[in-house]
Amino acid sequence: MRNLIFLLFWSVPFLSFSQLLPASLNNNAYPIEIATCIKKDSTIDLEKVRSITNLLTNPTITSFQGIVLPKRKKTVTEKVKALSEDLEFAAYRKKKVDQQLIESLYTLQWIYLSYLQKADNDAQAAITIKEKYAMFTNSIFGLRKLHIKIPKTASSQNSTDLSSPFFNAFPDTIRPENHFDYLAKKTSENAKNTSIVLLDSCSRNGSIPKFNVHDLVKNDEWIIKWGDEINTEIFASHMFAALGYNVDYSYYSKNLTLILTPNSEVKSTKELIELLKSIYGIDISRYIQLEGIVSNEMVLNNGQLKPYLGNNFVIFSECLLEARPNQLKRIGSFLPLALDNETRTELKASLLAHQFIDNWDTREENTLLALKKNKTTVAEPIAIFSDLGTCMGVSVSWLNRDFKAGLVNQLTWEVVKKRNNKLIFKSRMNAQIDFYKQASYSDLRWLAVQLEKIDSSSLRSIVNAANWPPEIAELYFHKMAARRASILKAMDIIDSHPIQFDRKLNLSKNGVQIIRNGKLLKRTYLEDLPVSYTCKKGRMRNYGNK
Amino acid sequence: MEISKYILLTLFFLQLTSIHAQLTEDQRKFSIKNNDSIYKEIESLSDIGDFSLLQHSKDIYYDIYLDSPDFTLKKHGFSLRFRKRITQNNDISYSFQLKSEMNEVNSIRLEAEEDNLELYQFIQGTNKVSLIALLEPLFQYTENQVLSDVIQLNIQTINEWINFKFDAPILPFQLLKNNGKHNFSKEELIGLKPILVGRSERMRFHGVFNEEVNDSLTKMYGYNRLLENELPEHLKNKSGLNWIFEASLDKSTFYTFQNMKVVQLSELEIENKFNQPSIGVQLIDAFEKKLLLNMKLSKGSSSKYVQAVNVLSVDE
């Protein structure tokens with residue numbers, strides 16, 4: 001994507017760049033992407049703006065520079081037209097650009113470049129050897145680069161309100177563990193209200209098995225997922241939300257009924273299992289609790305099932321439901337490296353959040369620009385950290401591309417160490433290392449102050465949301481408390497509510513020891529669950545199933 | 001019909017349905033020729049054969065049709081209009097629509113709509129004015145037929161707005177330039193301006209069959225499986241009613257801005273709503289057969305715009 005943006009803007013003459021402030025806040029120096037839409041006399045370049053707005057809205061434009069364009073979404077089209085009209089009217093009146101017009105241009109370019117990034121990403125048939133090599137070296141050698149220098153006069157600044165499309169500065173009255181529900185409530189249904197879903201089509205991306213479904217009653221769209229990220233993704237989303245970031249709305253679901261309809265991509269359980277196995281190499285049959293045919297008795301109990309009488313159904317012991325709400329329309333990456341976004345404190349500081357949860361897959365593809373809308377508001381852009389499930393103890397094999405997340409024994413007790421005048425991080429990441437290397441000590445410290453607000457009760461709630469088996473949840477609680485403490489200590493932040501943890505934790509169930517000296521033991525009842533929490537053998541690491 | 005013409009038309013519609021799949025509608029039209037009794041009969045109709053017509057709304061439409069002085073849109077089989085809709089609840093909405101004429105080959109029409117006209121503003125003289133404010137006096141012309149100075153000035157300003165906006169991201173303009181049939185240039189449409197204005201009373205019906213009365217059709221053709229948000233309000237949570245088509249009964253009066261001529265038109269329009277269109281076509285065929293047996297209607301294909309211009313002879 002960086003190359004595509006470069007190609008689009010290489011011919012623009014020298015312009016001053018905003019180094020500290022987000023582009024939309026700086027009136028005198030704006031990013032190069034915005035400058036291309038402004039004429040020398042400071043009026044709007046309507047021809048350039050129309051080339052963007054037409055590409056984003058015209059259904060007869062189906063490709064760009066040989067790349068097939070993704071389907072256009074109504075909410076996005078409406079937003080673009082609203083922005084366009086501001087700019088068109090200003091151009092007609094030959095009005096010189098002001099703060100409001102700069103913000104319109106910024107949002108328009110953000111949507112445009114994100115849409116092109118999505119097209120570019122969709123068009124890539126496979127991850128190139130070069131890209132795989134980069135991820136390999138990042139994972140192996142990245143930690144050597146992630147040394148953040150501590151300035152001699154480290155400021156002990158308090159957190160600054162950095163509310164932006166990237167970050168929610170919550171008031172103290174809303175506790176961190178409630179941030180997720182607070183954000184989710186505005187756009188999506190809670191999965192607790194979803195018990196029967198209808199199968200649509202296989203989404204085919206990512207590396208864990210997933211299917212598009214919609215709720216029988218309310219028609220809300222969801223993605224159903226299985227595998228080793230069920231718990232980790234929910235934990236990570238809640239933790240990122242607690243820190244102030246926007247996330248996917250993922251929920252743990254027990255005993256979910258899935259109906260295979262004549263409109264579904266597959267019509268039987270066997271076909272479903274085989275399709276997912278052929279795409280992802282993962283057998284989901286261990287999650288199946290019951291299967292059968294929708295009967296008259298079921299219809300009598302639930303009239304909504306009537307059209308599906310005689311169709312196959314499956315009940316899953318557990319799965320993850322990720323909301324695809326109508327009020328939130330996804331575009332493409334939130335472009336950490338464009339539009340001066342790389343200068344944003346809240347974005348650079350997310351390094352600390354990734355390190356805290358031990359997130360491995362930090363590629364640009366796992367960032368998301370979306371338009372958020374409710375019935376009474378105009379759609380506004382928000383930047384989302386998406387697909388955070390590759391975390392909380394990760395095993396990466398370099399021999400056979402095997403990969404697994406959620407291995408509690410792999411999660412270290414510390415995130416960071418202070419050595420001489422540097423912060424040394426411990427978690428591996430597969431991408432964006434050079435970008436995160438630009439994070440300063442004060443950027444990270446700013447987020448550490450947010451982390452300090454997470455007390456024992458908050459951490460307990462966030463761990464509980466993930467629905468790990470109780471013993472594993474307990475071990476994660478102690479480990480995350482220790483990891484939090486290591487961050488605060490390394491940054492000399494006074495912990496106003498320290499969380500007790502025990503590195504030598506021991507836990508037993510029915511007289512059988514399950515955790516010894518802070519380590520989950522093998523060969524316990526947990527081995528009968530669909531996914532092992534100790535065995536490192538996972539799944540094929542295939543970078544978006546490409 | 002000559003084979004080459006047939007192939008060309010088929011190719012056109014194939015292109016239309018592939019590129020503009022989401023911008024088409026599958027329609028049938030039936031003219032009611034100056035016969036109030038037939039209109040009233042349809043108005044009170046509830047069942048035809050196995051089908052039921054559930055009346056759900058009665059709206060008023062005002063349409064301003066645009067064309068160039070030499071009627072280039074009509075000649076190439078398109079109509080372009082600004083529409084104001086007033087529902088029976090007095091909700092008002094505006095839209096800007098491009099439609100292609102229905103063809104003998106099939107009943108697919110191109111329909112492109114811009115529905116948020118509140119967005120658009122322009123300058124008239126030195127004043128900022130909304131597009132809707134420019135249109136309102138023209139809609140009002142249907143009430144009093146007085147061609148005031150304001151209307152004449154607004155017609156000129158609308159023409160300027162169109163000339164400025166022709167390359168803007170407005171769907172009807174985008175489709176005029178690329179529609180697979182005739183791609184218009186800016187030069188061809190430089191004189192585009194309001195030609196006609198009409199007022200229509202539209203009664204709308206959901207065409208359904210009720211499986212609780214007769215479930216043989218449901219067994220034969222299956223359910224129209226639509227998502228809840230794709231179903232009209234009146235049919236939500238009514239699993240016994242299988243929605244096949246939407247019908248609208250129009251009684252319209254059109255006026256020219258040039259010579260104060262008037263024409264009245266009545267028609268019934270059916271639009272396929274079945275999720276598998278080919279099944280919908282079969283069911284509408286059955287409905288049509290019964291309808292034509294029972295009523296003196298003639299099947300038509302011309303849009304109201306073409307019918308009105310032909311009767312009023314404003315293009316001669």
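Below, chains carry the letters A, B, ... as their sequence lines are ordered, and counting in each starts from 1.
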Around atom [atom1] of [X], are there more than 12 heavy atoms from other residues, nucleotides or ligands closer than 6.0 Å?
| X | atom1 | answer |
| --- | --- | --- |
| A:Gln100 | CD | no |
| A:Lys94 | NZ | no |
| A:Lys267 | NZ | yes |
| B:Gln88 | CD | yes |
| B:Glu160 | CD | yes |

Minimum side-chain heavy-atom gap A:Leu55-B:Pro169 below 4.5 Å =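 No, too far: nothing below the 4.5 Å cut-off.
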Hey, what do you get for NZ (A:Lys81) to CD (B:Glu114), rounding to the nearest 0.5 Å?
->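 Rounded to the nearest 0.5 Å, the NZ-CD separation comes to 3.0 Å.
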Rounded distance [0.5 Å steps], OG in A:Ser84 versus CD1 in B:Ile170 |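 Reported value, rounded in 0.5 Å steps: 7.5 Å.
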Where on B:Lys165 is there a heavy atom nearer than 4.5 Å to chain A: the side chain, the backbone, both, or neither?
->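 Both parts, heavy atoms under 4.5 Å.
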Under 4.5 Å from a heavy atom of chain A, the part of B:Phe122 involved =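 B:Phe122 touches chain A through backbone and side-chain heavy atoms alike.
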Geometric cation-pi criterion A:Arg50 and B:Phe164, 6.0 Å radius, 45° cone =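 Yes, a cation-pi geometry.
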Choice from A:Thr57, A:Asn58, A:Thr53 maximising heavy atom contacts with chain B below 4.5 Å =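 It is A:Asn58.
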What option among B:Leu119, B:Asn116, B:Asp115 has the most heavy-atom pairs under 4.5 Å with chain A?
->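 The residue among B:Leu119, B:Asn116, B:Asp115 with the greatest pair count is B:Leu119.
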Below 4.5 Å from any heavy atom of chain B, which atoms of A:Tyr92 appear? Answer side chain, backbone, both or neither.
->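 Answer is both: backbone and side chain atoms of A:Tyr92 are under 4.5 Å from chain B.
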So what's closer than 4.5 Å to chain B heavy atoms on A:Leu56: side chain, backbone, both or neither?
->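 Nothing of A:Leu56, per the 4.5 Å heavy-atom cut-off to chain B.
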Verify side chain to side chain contact (heavy atoms under 4.5 Å, CB included) between A:Glu88 and B:Tyr120, making sure each step is shown before the conclusion.
-> CA-CA 10 Å; A:Glu88 290 251 340; B:Tyr120 301 101; over 6 Å; no
Say whether A:Thr60 and B:Gln174, considering side chains only, have a donor N or O and an acceptor N or O under 3.5 Å apart.
->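 B:Gln174 and A:Thr60 do not have a side-chain donor-acceptor pair below 3.5 Å.
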